[in-house]
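Please read the structure below before turning to the comments.
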Amino acid sequence: MRQIRNEILLQKIGKKIKLLRENANLTQEEFFNDTGIHIGRIETATSNITVSTLEAVCRYFKIGLDQFFKSL
């Protein structure tokens, strides 16, 4: 089965994650050290993030998925 990619949505998600990370004054390396998640390709929308990974990102920033998507 071919993976479906919505480039516009991936770009919005990537920008939102980058904004959350920058607002927390974290580098990508610091985020990785805390979570084990490489977010460089997610932030640039070159990787298709899974729902499970997005949930882990949201949990790290102490927001729900609903709150994450509400402000996209």
Report task. Using side chain to side chain donor-acceptor pair (under 3.5 Å) as the criterion, list what pairs up with Thr53, not counting sequence neighbours. Result ->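 Applying side chain to side chain donor-acceptor pair (under 3.5 Å) to Thr53 gives Thr50.
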Requested in this report: Could I get the full list of side chain to side chain donor-acceptor pair (under 3.5 Å) partners for Glu29, not counting sequence neighbours?
Outcome: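 In terms of side chain to side chain donor-acceptor pair (under 3.5 Å), with neighbours along the sequence ignored, Glu29 is linked to no residue.
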Drop me the distance from [X]'s [atom1] to [Y]'s [atom2], to the nearest 0.5 angstrom.
X	Y	atom1	atom2	result
Gln3	Asn48	CD	CG	4.0 Å
Lys70	Ile63	NZ	CD1	11.0 Å
Arg5	Glu7	CZ	CD	4.0 Å

Query raised in the report: Between Leu72 and Leu9, does a side-chain contact (heavy atoms from CB on, under 4.5 Å) hold up when you go through it step by step?
Result: CA-CA 9 Å; Leu72 268 189; Leu9 179 60; 4.1 Å; yes
Requested in this report: Report whether Val57 and Phe32 are members of the same hydrophobic cluster (ILVMFWY, side-chain heavy atoms less than 4.5 Å apart, transitive linking).
Outcome: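 Unlinked, Val57 and Phe32 end up in two clusters.
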Query - Partners passing salt bridge (Lys or Arg N to Asp or Glu O under 4.0 Å) against Glu55 (at least two apart in sequence or in another chain) - result: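 With neighbours one apart ignored, the set is Arg59.
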Query raised in the report: What pairs with Phe31 under ring-ring contact (aromatic ring centres under 6.0 Å, His included), at least two apart in sequence or on another chain?
Result: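 For Phe31 the ring-ring contact (aromatic ring centres under 6.0 Å, His included) partners, ignoring immediate neighbours, are Tyr60, Phe61.
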Please tabulate, one pair per line, all N/O donor-acceptor pairs under 3.5 Å involving side-chain atoms of residues 13-23, not counting sequence neighbours.
{"from": "Lys16", "atom 1": "NZ", "to": "Ser71", "atom 2": "OG", "distance (Å)": "2.2"}
{"from": "Arg21", "atom 1": "NE", "to": "Glu43", "atom 2": "OE2", "distance (Å)": "2.7"}
{"from": "Arg21", "atom 1": "NH1", "to": "Leu26", "atom 2": "O", "distance (Å)": "2.7"}
{"from": "Arg21", "atom 1": "NH2", "to": "Glu43", "atom 2": "OE1", "distance (Å)": "3.0"}
{"from": "Arg21", "atom 1": "NH2", "to": "Glu43", "atom 2": "OE2", "distance (Å)": "3.4"}
{"from": "Asn23", "atom 1": "ND2", "to": "Leu19", "atom 2": "O", "distance (Å)": "3.3"}

Query raised in the report: Among all residues two or more places apart in sequence or in another chain, which pass the side chain to side chain contact (heavy atoms under 4.5 Å, CB included) test with Ile4?
Result: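 Side chain to side chain contact (heavy atoms under 4.5 Å, CB included) check on Ile4 returns nothing, list empty.
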Which atoms form the tightest heavy-atom contact between [X] and [Y], and what is the distance?
X	Y	answer
Gln28	Ile39	CG-CG1, 4.2 Å
Ile42	Ser47	N-CB, 4.2 Å
Gly64	Cys58	O-SG, 4.2 Å

